[in-house]
Trainee: 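Before we start, here is the structure in question, set down as structure tokens.
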Amino acid sequence: MIISCPMMTSLYSVRMRASSHDQHLSGAERIVPVHAVAETTAALIERALSAPLGPPDKIHCNSEQIDPVTVQFAKLPDVHSYQVANVQEGRLAATQFLIEAGLSADCAALAVATLAEGAGPGGIVMRGAVLMDAVTGERLEHDPARGVRVSRMDILSTFRPDVEALLVAAGLGHHRVIEALVLSGKVLQAPGVVAELCWSDAPDYVTGYVAAPQCGYQRISQLKAAGDKRGGRVFFVDRSKVTVSALVDYLERQPVLFDAAGTIAPLKKWELEDA
Ligand code: AMP
């Protein structure tokens, strides 16, 4: 459940985007109180400069005040982690999780194939996510290269140390995991979203996930081969519950802060019968 909190004041959305020769290198964003804007901006710029793909030639950092009455508060999804033997098994697990979330087998397979082949025009990696009709598999995003960019979400700053400690204790303390969990948490709060599929475009990061409102955030240890530069996200939408424009507006503009954690289950070997 999401509850607006009218008491919070002076919040800013701080967003960083780094590129080199117009190729996206890294990005991150936070929602912080006004007194933390300068320090957060410095930390995000520092992160952009130390990105593994080399120093960017452009770093955009932008801070924007958020009206505190518009902020919605929510709980992070429960986290499950599954060990798979190889990419094939990982994609089978992802397909099964998507079917459990309510998608048809055809739609689930289409989404996996879309990310595997490169979801953008000509097989390029998109900057944002594919929006897919959960019934027909139709692509709904207006710009197939950009897709839909989820923005304006974070962990409540006073609660962040608790969440980080929980994730570190579970061996999930890398900022990549926390950020993906926060992004997915917002996606699962959005009206009409049935599920999300994700694996990274970073060649060395092969873990991905399927998330769904009733199943939580299900990490899968391998969803692509090491060295593969293709990756992306697919958000599945039930168009009987929301219009595309209302969903995109929510994903891009609605500020969401997480002030409670879900459960974190220990790593488990995935078996077909789990599905
Ligand atoms: P990452 O997990 O950061 O490697 O991102 C994997 C893919 O997810 C990217 O290639 C984009 O297609 C997509 N993506 C990254 N950030 C966002 C975002 N904020 N909103 C929607 N999609 C995103």
Side-chain angles (χ1 to χ4, degrees), residues 13-20 22-31 44 47-48 51-53 56 60-62 64 79 90 94 111-132 139-155 172 174-190 193 195-211 217-237 244 247-256 258:
S13 157
V14 181
R15 301 190 287 160
M16 178 279 287
R17 181 161 55 87
S19 59
S20 183
D22 290 329
Q23 288 283 354
H24 174 84
L25 284 183
S26 66
E29 67 171 88
R30 304 285 306 279
I31 295 177
L44 294 183
R47 182 161 145 190
L53 292 174
H60 292 277
C61 218
N62 141 300
E64 186 185 311
V79 179
V112 171
T114 300
L115 290 193
E117 285 155 22
I124 61 160
V125 169
M126 294 169 71
R127 298 195 296 285
V130 172
L131 201 55
M132 187 173 275
R139 298 269 297 257
L140 304 170
E141 69 278 9
H142 294 307
D143 177 342
R146 177 182 182 273
V148 180
R149 296 270 315 165
V150 189
S151 186
R152 295 175 176 78
M153 64 283 175
D154 200 354
I155 299 167
L172 299 173
H174 196 282
H175 67 73
R176 190 190 277 286
V177 179
I178 300 178
E179 284 166 11
L181 184 61
V182 167
L183 191 158
S184 187
K186 177 169 177 186
V187 172
L188 297 188
Q189 293 292 337
V193 167
E196 178 191 1
L197 167 69
C198 167
W199 69 82
S200 178
D201 53 294
D204 59 337
Y205 194 72
V206 299
T207 302
Y209 62 84
V210 169
Y217 180 89
Q218 302 165 105
R219 303 181 80 237
I220 300 169
S221 63
Q222 186 166 8
L223 278 176
K224 70 173 189 179
D228 189 344
K229 292 182 176 150
R230 287 165 298 188
R233 284 183 158 86
V234 182
F235 305 151
F236 301 90
V237 54
V244 169
L247 174 58
V248 171
D249 189 59
Y250 182 95
L251 292 170
E252 297 190 341
R253 304 224 42 101
Q254 171 63 53
V256 175
F258 293 94

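Keep in mind that what you see is a predicted model, and the values were worked out from it rather than measured. When a ligand or atom number is given, it counts from 1 through the structure's own listing order.
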Trainee: Between the side chains of Arg127 and Glu141, is the shortest nitrogen-to-carboxylate-oxygen separation below 4.0 Å, so that they form an ion pair?
Mentor: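 So Glu141 does not pair with Arg127 through a salt bridge.
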Trainee: Can you list everything that forms a side-chain contact (heavy atoms from CB on, under 4.5 Å) with Ala129? Sequence neighbours excluded, please.
Mentor: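 For Ala129 the side-chain contact (heavy atoms from CB on, under 4.5 Å) partners, ignoring immediate neighbours, are Arg233, Phe235.
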Trainee: Do Val256 and Tyr250 have side chains that approach each other closer than 4.5 Å (heavy atoms only, starting at C-beta)?
Mentor: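 Touching, per the 4.5 Å side-chain cut-off.
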Trainee: Select all protein residues for which some heavy-atom-to-ligand 1 distance is less than 4.0 Å, and list them by chain and number.
Mentor: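 Those residues closer than 4.0 Å to ligand 1 by some heavy atom are Val125, Met126, Arg127, Gly128, Ala129, Val148, Arg149, Val150, Leu183, Trp199, Ser200, Asp201, Gly232, Arg233.
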Trainee: Quick one: do Arg30 and Asp154 satisfy salt bridge (Lys or Arg N to Asp or Glu O under 4.0 Å)? Show the steps, please.
Mentor: CA-CA 5 Å; Arg30 304 285 306 279; Asp154 200 354; 2.9 Å; yes
Trainee: Between Glu179 and Lys186, does at least one N-O distance fall below 4.0 Å, as a salt bridge requires?
Mentor: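 No salt bridge links Glu179 with Lys186.
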Trainee: Quick one: do Glu64 and Arg152 make a salt bridge, cutoff under 4.0 Å?
Mentor: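 Answer for the salt bridge query: yes.
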